[in-house]
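From a predicted model like this one, the values you see are computed outputs, not experimental measurements. All values below were derived from every heavy atom in this structure, side-chain atoms included, with hydrogens, water molecules and symmetry-related copies excluded.
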Amino acid sequence: MDQEITYRLGETVLDLSRGTLRKAGELVSLRPKTFKLLGYLAHNAGRVVTKEELLDAVWPRTIVTEDSLTQCIRDARKCIGDEDHKVIRTVSRRGYMYVPSCGEEDDFAEPLSRAPYDLDLSLISTEPRVAVLPFRLGGASQALKSNFDVVAQEIQTALSTSRTITVRTLSPAMPAALIEASVDYLVEGEVQGGDPHFNVIVTLTEAKSKRRLLTQTFFLKAEGILAFHQTVARQVVSALVFNIETSAWQWTTQGSSSVHVW
């Protein structure tokens with residue numbers, strides 16, 4: 001999405017183009033469905049959005065109960081600090097309405113950047129975002145850099161075939177804070193040793209918490225450098241899916257029985 005589209009929700013700023021929510025400049029963690037719901041309500045500020053419309057917009061082609069919507073609304077209010085329900089208002093027996101922090105229903109603030117009238121919220125990336133950084137060469141010869149650059153690109157290509165994540169391309173020269181804000185997960189590799197054998201350590205890390213989800217060491221010969229990217233990609237996707245589903249399960253056990261809808 002080329003156009004920057006941002007909305008202020010209470011004390012937070014929702015950035016549809018970057019897929020982020022910020023409070024006082026700090027990123028706020030939120031679930032993909034919560035992000036999509038906030039974006040839809042903000043885009044329709046000032047009008048009552050029925051429950052049926054929200055269910056169709058946030059869970060397209062998926063049968064879910066109204067309880068899923070209730071839980072998502074509760075999570076959205078928590079993320080934007082709307083404990084008093086003044087920003088996301090419940091309209092009895094009808095649905096919900098987003099009311100900007102300026103106050104009255106008939107006096108709405110403009111979005112920080114206006115969204116196009118025909119904005120398709122289904123195009124907004126709400127899946128977890130992952131980036132593959134170029135491999136670092138420790139004791140390995142710099143002559144192998146081009147080979148491992150190809151490996152990183154192949155891993156990125158393999159990951160992009162997954163329907164559960166979004167792959168981002170980042171420059172390793174980007175400041176750490178900007179990298180953290182741009183993605184949810186990082187895949188990094190370090191090459192140790194030299195010809196004819198290499199130790200390649202691949203890690204999958206949560207960008208914000210720096211928590212490592214996967215650390216795998218591969219023992220390779222020079223002729224096998226370009227052949228192991230599929231194994232790496234498969235293990236990274238498995239680790240990502242497991243972490244995402246575990247996080248969803250931990251949240252839903254506190255109040256929802258529909259794990260798959262998150």
Side-chain angles (χ1 to χ4, degrees), residues 1-45 54 57-59 71-83 87-88 96 98-101 109-116 119-133 156 159-160 162-188 204-211 213 240-241 243-244 247-248 251 261-262:
M1 187 176 298
D2 295 328
Q3 182 178 356
E4 181 176 308
I5 305 169
T6 54
Y7 291 93
R8 186 177 301 280
L9 290 84
E11 299 178 353
T12 62
V13 174
L14 182 74
D15 190 330
L16 300 187
S17 51
R18 293 183 174 86
T20 60
L21 180 71
R22 290 182 177 274
K23 184 175 183 179
E26 297 294 326
L27 282 173
V28 177
S29 298
L30 74 168
R31 304 175 192 285
K33 296 299 184 185
T34 304
F35 177 85
K36 198 165 188 177
L37 179 139
L38 285 172
Y40 195 84
L41 287 174
H43 185 57
N44 290 278
L54 279 172
V58 180
W59 292 272
Q71 295 289 348
C72 197
I73 289 287
R74 182 181 297 123
D75 191 43
R77 285 169 169 159
K78 180 179 179 181
C79 288
I80 66 174
D82 184 30
E83 290 81 3
V87 179
I88 300 176
Y96 301 92
Y98 160 57
V99 179
S101 56
E110 293 293 322
L112 300 184
S113 299
R114 179 179 292 278
L119 173 67
D120 184 357
L121 290 176
S122 68
L123 299 179
I124 298 172
S125 173
T126 58
E127 291 81 12
R129 301 158 299 172
V130 60
V132 182
L133 295 182
Q156 180 171 295
L159 290 176
S160 67
S162 171
R163 297 182 179 180
T164 59
I165 59 177
T166 296
V167 179
R168 294 283 176 87
T169 300
L170 301 179
S171 167
M174 290 176 61
L178 187 55
I179 290 178
E180 176 186 307
S182 301
V183 296
D184 303 296
Y185 301 96
L186 284 173
V187 178
E188 300 174 88
L204 171 65
T205 309
E206 281 186 340
K208 186 174 182 180
S209 68
K210 305 298 189 296
R211 182 168 66 96
L213 306 177
L240 275 172
V241 171
N243 184 69
I244 294 165
S247 297
W251 187 88
V261 301
W262 291 95

Quick one: list whatever passes salt bridge (charged side-chain N to carboxylate O under 4.0 Å, His left out) with K208, sequence neighbours left out.
-> none
Quick one: closest heavy-atom pair of A131 and V183, and the distance?
-> CB-CG1, 3.8 Å
Residue that, paired with I80, satisfies side-chain contact (heavy atoms from CB on, under 4.5 Å) out of V13, V87, L30 | V87
For the atom pair CG (L37) and CH2 (W59), what is the distance rounded to the nearest 0.5 Å?
-> 6.5 Å
Side chain D82, main chain I88, donor-acceptor under 3.5 Å = yes
Listed partners of E188 passing side-chain contact (heavy atoms from CB on, under 4.5 Å), at least two apart | L133, R136, L186, T203, T205
Between CG on residue L14 and CZ on residue F35, distance to nearest 0.5 Å = 5.0 Å
Nearest-0.5 Å distance that lies between atom CG in D184 and atom OG1 in T20 = 10.5 Å
H43 versus Y7, side-chain donor and acceptor atoms under 3.5 Å = yes
Smallest separation among heavy atoms of Y98 and A45, with atom names | CD2-CB, 3.2 Å
What residues form a side-chain contact (heavy atoms from CB on, under 4.5 Å) with V28, not counting sequence neighbours?
-> L21, K23, C79
Can you measure from CD1 (I73) to NZ (K78) and round to the nearest 0.5 angstrom?
-> 15.5 Å
